There are 4 protein chains.
Amino acid sequence: MADIAEAKTGPGRPRSAETHRAILDAVGALLAESGYPNLSIEAVATRAGVGKQTIYRWWPGKADLVMEYLLGVSAQMPRPDTGNMAEDLRTFLLASMEGWTIGKLGPVVTALMAEAQSDARFGELFFRNLISARRGILKEILARGQTRGELDAHRDLDLLADLIYGPMWYRLLLKHAPLDAGFLDDLLGALNLVPRRG
Amino acid sequence: MADIAEAKTGPGRPRSAETHRAILDAVGALLAESGYPNLSIEAVATRAGVGKQTIYRWWPGKADLVMEYLLGVSAQMPRPDTGNMAEDLRTFLLASMEGWTIGKLGPVVTALMAEAQSDARFGELFFRNLISARRGILKEILARGQTRGELDAHRDLDLLADLIYGPMWYRLLLKHAPLDAGFLDDLLGALNLVPRRG
Amino acid sequence: MADIAEAKTGPGRPRSAETHRAILDAVGALLAESGYPNLSIEAVATRAGVGKQTIYRWWPGKADLVMEYLLGVSAQMPRPDTGNMAEDLRTFLLASMEGWTIGKLGPVVTALMAEAQSDARFGELFFRNLISARRGILKEILARGQTRGELDAHRDLDLLADLIYGPMWYRLLLKHAPLDAGFLDDLLGALNLVPRRG
Amino acid sequence: MADIAEAKTGPGRPRSAETHRAILDAVGALLAESGYPNLSIEAVATRAGVGKQTIYRWWPGKADLVMEYLLGVSAQMPRPDTGNMAEDLRTFLLASMEGWTIGKLGPVVTALMAEAQSDARFGELFFRNLISARRGILKEILARGQTRGELDAHRDLDLLADLIYGPMWYRLLLKHAPLDAGFLDDLLGALNLVPRRG
DNA sequence: GACTAACCGAGACGGTACGTCCCGTCTTAAG
DNA sequence: CTTAAGACGGGACGTACCGTCTCGGTTAGTC
């Protein structure tokens, strides 16, 4: 990623924050207009009033560029800690889903997932920036549940994260069924993560 | 899809079966050499010794072409029916996973999943040909389990299919953890689909 | 050179004569507007309504392209044969000079000469197409003069061609003195190629 | 030109002579390696360990830079004055030719001639620095010949300079025939500048 | 001894053009 | 009517340099 805040000082003209922002703004606008597959570096440069080289100087390719945009516009993930695991899970995972469904970010996220398939370098970055952090919060919620006795202490949290996020991604990608609160309840119920009703 | 068996008879030179095969062979070879993103219709035509037009006449684009190749080389899915749901599930789902992991077909499948994200027409085809059929077999196994009393009759089979295939796809896509028999047992166990050990 | 008349027949779509002409027209227009150094293949393609690849398919670079344009617009060189060497020389060489001075072709010719300096492949083509032919005609005139006894039979015609064209090119390139009929007379006089006046 | 000797004194850091030399050295090295057309200011700056701005501060462009390099490495022109015009001419013009043929300076000189075609400002500089001075010496030799009666007093010296240098440049540029002492004799002979043999 | 001005290296910047790849369409002759 | 061949208009790629700019840092003369 090209985090302008971390720009190392040294000789030479310093990196322009305005330019950086103009590029990401252009990415957002073009993404909204024509979607990830029709986004071209060329168009971003033109739209931002920037030389192509300036983009290539800081980002290896369009996937990285879009990911940085995505990180910028993604709402801060909540880190609920109410003392009730079921409630925390619902709050957090609902926010996760809404991060995809609200603002048409879903197709962008899946496009990046697609890109990650064919580019190992980007794949790792993608995992670190967009997957791992969320999994971490999820596992913290589950761990607190274990401490409190709400969840069997022997259950593998990494596995659980897969079992939770897996179906969510599956629906995001295939779009064959809704990705909503009802689905979330069904999912958590099937995994015995919420108290049985009745 | 361009099902050669459906070629309608009539006046004029008939469609060449050899050409059809040569094209799919070329797809396979190029896929192996440089992967889906670097596959171009141009290269397929050259490799197959075929005019580009001939490809465009029968396939809308490279995704469709690759999907047909994939369907051709994918092993026939087993339809186990041993009278034991847990065993059938393991047999079938293991075959599902191996269809991805053996023969380097995983990246091709995920690339198509990627393509499906941005092309609704292809997405539907992809779902019908590569997702739906497998889900159907899975649901049959589960349904038989319900009939036999191995599975609670009230459980939603479509939901269960999501909960099973979701995590599998998730690991296929992210590659952060193995996609093997052990994972399958964990998955089925967490969903109460196999008898508790002990 | 990319002589469309010599296009060899065979399978595949034949070369478009219209496109060929449109490209050369665009070259002429752009040359007139902004000169050789500011001429870009990109601009030619845009102006001609043609893909860049179409240009690169037929010409190795802009020098070749411009040379073909030049050959197209250059007036047919006269081949005077009046029986009088001095008169023939004057007629022919004046036409040679006017081919440079009329129609602003001078800068184009010198630019090609410049290009020929750094590109051996083009240099040879340039010599063959724009230099050699004219030298040939000149030497024929001189040879006829020798036959008739107007010129010493022992004089080296190739050397004479250098001594005639050399100063003409020199003035064309340096522009420090006029390139006109008076100069021509001085030149021929100094070389004893015209009868001494008085 | 950027004559370091003329640096005017005053406040501020004075111009660095080392930097100046490093730049011209880099020009020479790069010229030898890849020729004039492939020489870039960027490369000169990098090679010389110098900022691009420093180059642009002192030279308008690469042609000027290269011309200064050329003037630096060109041997001082001889100013022969033996009392014999033919001998003086041969000495001087041979040195002129060798200045081109020795040390691979020919392509550089012709490249500058090329550059002069399209850039009037540089053209004037080029004429003053690389053409005029040599013509001046040549005309002096001829003038002394006239004084001594070796050359007809009525002959136009400027014209004669064109008739001498013209063919020499012509061969330098076209490379179709050798540029050597034999040619020089032929040239001077044809212009009646050396005594007829026999 | 501080101040000021010009120099210098480094390198980011907006921009133009390059030559290539591939797209999907088209136009031929051959079968 | 299909096929192989391949030209076509077009869009984008990633790179090379252009000439300008903006930093921190240097190196003199002047106050």
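Fair warning: this is a prediction, and the values are worked out from it, not measured in the lab. Proteins get letters first, then strands, A, B, ... in listed order; numbering begins at 1 in each. Just so you know, these numbers use all the heavy atoms, side chains as well, and skip hydrogens, waters and symmetry mates.
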Check your understanding: Any chance CD of D:E124 has more than 12 other-residue heavy atoms, nucleotides or ligands included, within less than 6.0 Å?
Key -> no

Mind calculating the distance between [atom1] ([X]) and [atom2] ([N]) to the nearest angstrom?
{"X": "B:R57", "N": "E:dT27", "atom1": "CZ", "atom2": "C1'", "value": "13 Å"}
{"X": "B:E42", "N": "F:dA4", "atom1": "CD", "atom2": "C1'", "value": "14 Å"}
{"X": "D:N38", "N": "F:dT15", "atom1": "CG", "atom2": "P", "value": "19 Å"}
{"X": "D:E18", "N": "E:dG9", "atom1": "CD", "atom2": "P", "value": "10 Å"}
{"X": "D:L39", "N": "F:dA16", "atom1": "CG", "atom2": "P", "value": "16 Å"}
{"X": "D:I23", "N": "E:dG9", "atom1": "CD1", "atom2": "C1'", "value": "12 Å"}
{"X": "A:Q53", "N": "E:dC13", "atom1": "CD", "atom2": "P", "value": "11 Å"}
{"X": "A:R15", "N": "E:dG11", "atom1": "CZ", "atom2": "P", "value": "15 Å"}

Practice item. Please state whether the phosphate of E:dG9, meaning OP1 or OP2, lies under 4.0 angstrom from any side-chain nitrogen or oxygen of D:S16. Key: no

Check your understanding: Would you say E:dG14 has OP1 or OP2 under 4.0 Å from some side-chain N or O of A:T19?
Key -> yes

Review point. Of D:A43 and A:P11, whose closest DNA chain F nucleotide lies nearer the 5' terminus?
Key: D:A43

Review point. If each of A:G12 and D:K62 is mapped to the nucleotide of DNA chain F with the nearest heavy atom, which maps nearer the 5' terminus, i.e. the 5' end?
Key: D:K62

Review point. With a 4.5 Å limit on heavy-atom distance, are the side chains of C:L125 and C:L130 in contact?
Key: no

**Study point:** Sidechain-backbone polar pair: D:Q117 side chain, D:M113 backbone, donor-acceptor under 3.5 Å
**Key:** yes

Nucleotide nearest [X] (side chain, heavy atoms from C-beta), chosen from [options]:
{"X": "D:Y56", "options": "F:dC23, F:dT20, E:dC23", "answer": "F:dT20"}
{"X": "B:T54", "options": "F:dA4, E:dC13, E:dC8", "answer": "F:dA4"}
{"X": "A:W58", "options": "E:dC23, E:dA12, F:dC18", "answer": "E:dA12"}
{"X": "A:I41", "options": "E:dC23, F:dT22, F:dG14", "answer": "F:dG14"}
{"X": "A:R13", "options": "F:dT22, E:dC8, F:dG19", "answer": "F:dT22"}
{"X": "D:V50", "options": "E:dC22, F:dC18, E:dG9", "answer": "E:dG9"}

Practice item. Quick one: label D:G49 by what it contacts on the DNA or RNA (base, sugar-phosphate, nothing), any heavy atom closer than 4.0 Å. Key: sugar-phosphate

Point to revise | Cation-aromatic face contact D:K62/D:Y36, 6.0 Å, 45 degrees | key: yes

Check your understanding: With a cut-off of under 6.0 Å to the ring centre and 45° to the axis, is A:R121 in cation-pi contact with A:W59?
Key -> no

Review point. Between the side-chain atoms of C:K52 and the base atoms of F:dG10, is any donor-acceptor pair under 3.5 Å?
Key: no

